[in-house]
Each structure stands twice: as C-alpha cells, then as structure tokens.
Amino acid sequence: MVNIYLLIAAVVATVAISLHVYTFEVWIWPKLKDDCFPSFPFGGPEIVRGFYRTVWHFFTVNLLVTIVVNVMVGLGTLIPYGIVLIYFLIVFWILIFIEIWLIGALSLRPGQSYIKTMLRAFQWVFVLLIAFFMYLGTKYQP
C-alpha cells in the first residue's frame, strides 16, 4: 500500500535538501574565507571554518534521513513501526520550525522587520510542508 502523502513529504524534503546544499556550496561557502573566523582551542580559523561546514551539513543529514524514512514507510517497507518513526519526525521538524522562528526573532537588529525577515528566509516553509504532509500521511487510510 502506497502512502502518497509520505511520498509528497519526501519530494518536498528532496527539494529542500537540494536548495540547502546548493545555497551553502554555491552562495555561502565560497565567500567565507579563513580570516572570517576566530581561532579556538581546537585549532586555527581553518578548523573553525571546517566546523561551520560540518554543522551546516548536519541539517543535510537530517533531511536525507527524513527522505529515506518517508520513502520506506510510504512504500510500505517499514511496517508496522514506520508510522512511529513518522510521528517522531513530525515532532522533530515542528521543533526545528519553532527554532527557526525563535532564532529569527533573536537575530534581528534594531529597526528590522520580523515579518520581512521571515519572508526572506523562507526555509521554514519547507520544514512546515514536510511536517504537514507527514501528518497527512499518518491519517491516510488506503
């Protein structure tokens, strides 16, 4: 039995991961030079720059796991506990959504518009869509 909503969630996550990787590797990473980063006890600026890239791609791994789980559960491969994983991922992505909005609010400079900032930083839309389609997938009865 195919759960179309979970497969849609996987497609949305695939678009999100593509944009996430492209944004970093093409727009952000080339502009970051070692002199933009401080030294710290584990090494010099080049090490801190590498940590920055590693932490960025932790999120990439989260999206990849979400895609795999949604495809496997959506195609009926992970039965009977697949929906439990989907519930876990829904909670995870809702917490990420809250984090994005909270960090967005905490990062504002005086005079900046919260709404304009969140509309420009639209990654939260993908997070919300992923959670929404996974939720619909938990209610889907073929």
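By convention here, the first residue in the shown sequence is residue 1. Note that the structure is a prediction, hence the values are computed from the model and not measured.
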Given side chains that start at C-beta, do those of [X] and [Y] come closer than 4.5 Å, heavy atoms only?
X	Y	result
L6	V69	no
N70	I86	yes
N62	W93	yes
V21	H57	yes

Parallel under 30°, tilted from 30 to 60°, perpendicular over 60°: which one fits the rings of H20 and F59?
->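 Tilted: the ring planes of H20 and F59 meet at 30° to 60°.
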Evaluate the side chain to side chain contact (heavy atoms under 4.5 Å, CB included) criterion for residues T138 and M134: first the C-alpha distance (whole Å), next the side-chain angles of each, then the deciding distance (0.1 Å), finally the verdict.
-> CA-CA 6 Å; T138 64; M134 285 190 298; 5.8 Å; no
Could you walk me through whether I94 and Y135 pass the side chain to side chain contact (heavy atoms under 4.5 Å, CB included) test, one step at a time?
-> CA-CA 11 Å; I94 287 173; Y135 172 75; over 6 Å; no
Could you tell me whether F24 atom CZ has more than 12 heavy atoms of other residues or ligands within 6.0 Å of it?
->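 Counting other residues, nucleotides and ligands, CZ of F24 exceeds 12 neighbours.
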Mind checking the [atom1]-[atom2] spacing from [X] to [Y]? Nearest 0.5 Å is all I need.
X	Y	atom1	atom2	result
I17	T66	CD1	OG1	9.0 Å
I96	Q123	CD1	CD	11.0 Å
I83	K139	CD1	NZ	9.5 Å
M1	L75	CE	CG	11.0 Å
T14	L64	OG1	CG	9.0 Å
L95	I90	CG	CD1	12.0 Å

Check ring-ring contact (aromatic ring centres under 6.0 Å, His included) between Y5 and all other residues, then give those that pass, not counting sequence neighbours.
->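 ring-ring contact (aromatic ring centres under 6.0 Å, His included) check on Y5 returns Y140.
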Contacts of F58 that satisfy ring-ring contact (aromatic ring centres under 6.0 Å, His included) - sequence neighbours left out =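 Per chain and number, F58 pairs via ring-ring contact (aromatic ring centres under 6.0 Å, His included) with no residue.
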Say whether [X] and [Y] are linked into one hydrophobic cluster, either directly or through other cluster members, by side-chain heavy-atom distances under 4.5 angstrom.
X	Y	answer
V11	V68	no
L19	V61	yes
V2	V71	yes
F122	F132	yes
V55	L102	no

For residues 53-70, pull every pair meeting salt bridge (Lys or Arg N to Asp or Glu O under 4.0 Å), keeping only residues two or more places apart or in separate chains.
->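 Salt bridge (Lys or Arg N to Asp or Glu O under 4.0 Å) check on residues 53-70 returns E25-R53.
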Within residues 77-102 or reaching into it, pairs that qualify as salt bridge (Lys or Arg N to Asp or Glu O under 4.0 Å) - sequence neighbours excluded =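 Found none.
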Counting only N and O atoms by type, is there a donor-acceptor contact under 3.5 Å from the side chain of N3 to the main-chain atoms of G137?
->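 Present.
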Which pair of non-hydrogen atoms, one from G104 and one from L108, has the smallest distance, and what is that distance?
->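 The pair with the smallest heavy-atom distance is O-CG, 3.4 Å.
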Side-chain donor-acceptor contacts of residues 37-51 below 3.5 Å, not counting sequence neighbours, with atom names and distances?
unit_1	atom_1	unit_2	atom_2	d
R49	NE	L32	O	2.9
R49	NH2	W29	O	3.4
R49	NH2	L32	O	3.0

Quickly, which of W124, F92, F126 forms a side-chain contact (heavy atoms from CB on, under 4.5 Å) with F97? Name it, please.
->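 For F97, the side-chain contact (heavy atoms from CB on, under 4.5 Å) test succeeds with only one of W124, F92, F126, which is W124.
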Worked check of side chain to side chain contact (heavy atoms under 4.5 Å, CB included) between W56 and I28 | CA-CA 11 Å; W56 181 277; I28 298 171; 3.7 Å; yes
Residues clustered with V84, ILVMFWY side-chain links under 4.5 angstrom |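 For V84, no cluster forms, as it stays isolated from other hydrophobic side chains.
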